[in-house]
> 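What follows is a single structure, and I will ask about it in a moment.
Chain A is the first sequence line, chain B the second, and so forth, proteins listed ahead of strands; every chain is numbered from 1.
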2 protein chains.
Amino acid sequence: MRYSAQRELIHSIIMDTISHPTADWIYDRAREKMPKISLGTVYRNLKQLEDEGMIRSLLEENMTRYDGNIQPHHHLRCNICGDLIDVDIPDTNLRKGIQKDYQFEVDEIEMVFFGTCSKH
Amino acid sequence: MRYSAQRELIHSIIMDTISHPTADWIYDRAREKMPKISLGTVYRNLKQLEDEGMIRSLLEENMTRYDGNIQPHHHLRCNICGDLIDVDIPDTNLRKGIQKDYQFEVDEIEMVFFGTCSKH
DNA sequence: GTATATGCAAACAATTTGCACGCCT
DNA sequence: AGGCGTGCAAATTGTTTGCATATAC
């Protein structure tokens, strides 16, 4: 993967926020700095950054959101404000239980806790 | 919600499989029994059945899958064959931990375990 | 009789892709 | 020079919606 100003910009936009943005939001931010950037380029680079393991993607309702935090972690999703909050909880026991009870070799766990955040 | 043959058919198709089908798959099955049914009707009824709590929906990649199992449960997702398997694990401790550590009132938990199932 | 459900096709929204040109290396 | 990356627009895909007709109650 060779250098491109567009990709660097897109990556920095994701790293500079904790808000798990959508492709469209990233596109808008990117256009502020680089007005001629195209939405196709944004999508292509998001996919590429994900393939390289530099960002992660989350499936949220009908859109994909992107997350610059590549450490294993989970999410709290507030039903009132829609906020998605990173949360770090140990899942070793869970993993072992599944491994044993279902003869399923766990690779990765994705948990979302739906509910009401402390702001409400 | 009043009776309709289409809705009954759609519901029975979902209840008769454990495969977490997509709208399109359900549409194909439904047309075998009722050739003139439309895809719009399938979508409308899926939404309605979900609103009534008779089925659940799962966000999988770019499509929605439907699940006739409305008991709280989680999923194993095999990276090789793509199968989605129901799994029942207690999450009470997890729930309490989140409640306490993040002042977040948990309503519902969704867990997906990615990995390799016993067939491989 | 009246409101809800249907079939059909057109509209949508998120994402992907083909192509000619541009810019890293 | 050669190939990856870009902008642009058109294509795809999953889902929703408007409308006239049909059906449950």
Side-chain angles (χ1 to χ4, degrees), chain A residues 1-15 17 19-68 77 82 84 112, chain B residues 1-15 17 19-68 77 82 84 112:
Chain A
M1 190 169 62
R2 80 186 175 199
Y3 173 84
S4 98
Q6 285 84 337
R7 182 156 40 242
E8 183 170 60
L9 174 58
I10 289 164
H11 188 224
S12 77
I13 288 170
I14 295 170
M15 299 313 278
T17 183
S19 73
H20 309 88
T22 62
D24 236 59
W25 188 92
I26 295 165
Y27 176 51
D28 285 344
R29 282 292 131 344
R31 268 195 303 184
E32 292 169 7
K33 292 255 165 101
M34 195 183 282
K36 303 225 67 175
I37 196 172
S38 82
L39 186 53
T41 295
V42 171
Y43 276 106
R44 270 186 294 237
N45 279 308
L46 288 171
K47 183 164 291 179
Q48 226 157 143
L49 289 167
E50 188 184 1
D51 288 347
E52 298 288 317
M54 298 171 72
I55 62 173
R56 323 175 120 234
S57 67
L58 316 166
L59 301 156
E60 178 81 3
E61 321 230 333
N62 39 4
M63 312 193 232
T64 306
R65 298 182 102 77
Y66 296 88
D67 193 340
R77 168 76 139 67
L84 203 60
V112 186
Chain B
M1 191 169 62
R2 79 188 178 198
Y3 174 84
S4 97
Q6 286 84 339
R7 181 155 43 241
E8 184 170 59
L9 174 57
I10 290 165
H11 189 224
S12 77
I13 289 170
I14 296 170
M15 298 314 278
T17 183
S19 73
H20 310 88
T22 62
D24 238 58
W25 188 93
I26 295 165
Y27 176 51
D28 286 344
R29 284 290 131 340
R31 267 196 304 186
E32 291 169 6
K33 293 256 166 101
M34 195 184 280
K36 303 225 64 172
I37 196 172
S38 82
L39 186 54
T41 295
V42 172
Y43 276 106
R44 270 186 295 238
N45 279 310
L46 289 171
K47 183 164 290 179
Q48 225 156 145
L49 289 167
E50 189 185 0
D51 289 347
E52 299 288 318
M54 297 170 73
I55 62 173
R56 323 175 122 235
S57 66
L58 316 166
L59 301 157
E60 178 83 0
E61 322 229 333
N62 41 3
M63 311 190 233
T64 306
R65 292 177 117 52
Y66 296 88
D67 192 341
R77 169 76 141 65
L84 202 60
V112 186

> With a 4.0 Å limit, can you tell me whether T64(B) has a side-chain N or O closer than that to the phosphate oxygens OP1/OP2 of dT15(D)?
yes
> Need one value for R44(B): base, sugar-phosphate or nothing, where a base atom within 4.0 Å counts as base even if backbone is also close, heavy atoms only.
base
> On DNA chain D, nearest-nucleotide positions of A23(B) versus R7(A): which is more 5'?
R7(A)
> Between K47(A) and S38(B), which residue's closest nucleotide on DNA chain C lies nearer the 5′ terminus?
S38(B)
> Rounding to an integer number of Å, can you tell me how far Q6(B) CD sits from dC8(C) C1'?
14 Å
> Donor-acceptor pair, R7(B) side chain versus R2(B) backbone, under 3.5 Å?
yes
> If the cut-off is 4.0 Å, is T41(B) near the phosphate of dG7(C), judged by side-chain N/O to OP1 or OP2?
yes
> Considering every strand and a 4.0 Å limit on heavy-atom distances, what is the contact class for D24(A): base, sugar-phosphate, or nothing?
nothing
> Output yes when a side-chain donor or acceptor of R65(B) lies under 3.5 Å from a complementary backbone atom of S19(B), and no otherwise.
no
> Where each residue is assigned the nucleotide of DNA chain D containing its nearest heavy atom, which of R65(B) and K36(A) is assigned the position nearer the 5′ end?
K36(A)
> Would you kindly give the CD1-to-C1' distance between I10(B) and dG7(C), to the nearest whole Å?
13 Å
> CD1 of I37(B) versus P of dG7(C): gap in Å, rounded?
6 Å
> Within the structure shown, what part of the strands sits under 4.0 Å from Q48(B) by heavy-atom distance: base, sugar-phosphate, or nothing?
sugar-phosphate
> Rounding to an integer number of Å, can you tell me how far E61(B) CD sits from dA14(C) P?
19 Å
> Starting from P on dT16(C), measure out to CG on D51(A) and report it in whole angstrom.
11 Å
> Identify the heavy atoms of Y27(B) and S38(B) that sit nearest to each other, and give their distance.
CE1-C, 3.7 Å
> Compare all side-chain heavy atoms of I55(A) with those of D67(A) and state whether any distance is below 4.5 angstrom.
no
> Roughly how many Å is it from CE in M1(A) to P in dG3(D), rounded to a whole number?
20 Å
> Is a donor-acceptor contact shorter than 3.5 angstrom present between the side chain of R2(B) and the base of dT4(C)?
yes
> Verify the contact: side-chain N or O of N62(A) to OP1 or OP2 of dT15(C), cut-off strictly under 4.0 Å; return yes or no.
no
> With heavy atoms under 4.0 Å as the rule, sort Y43(A) into base, sugar-phosphate or nothing.
base
> Quick one: is S4(B) getting a side-chain N or O under 4.0 Å of the dT6(C) phosphate, OP1 or OP2?
yes
> With no hydrogens and no angle check, is any side-chain donor or acceptor of S12(B) less than 3.5 Å from a backbone partner on L9(B)?
yes
> How many Å lie between CG on L39(B) and P on dA11(C), as a whole number?
17 Å
> To the nearest Å, how far apart are R31(A) CZ and dT6(D) P?
16 Å
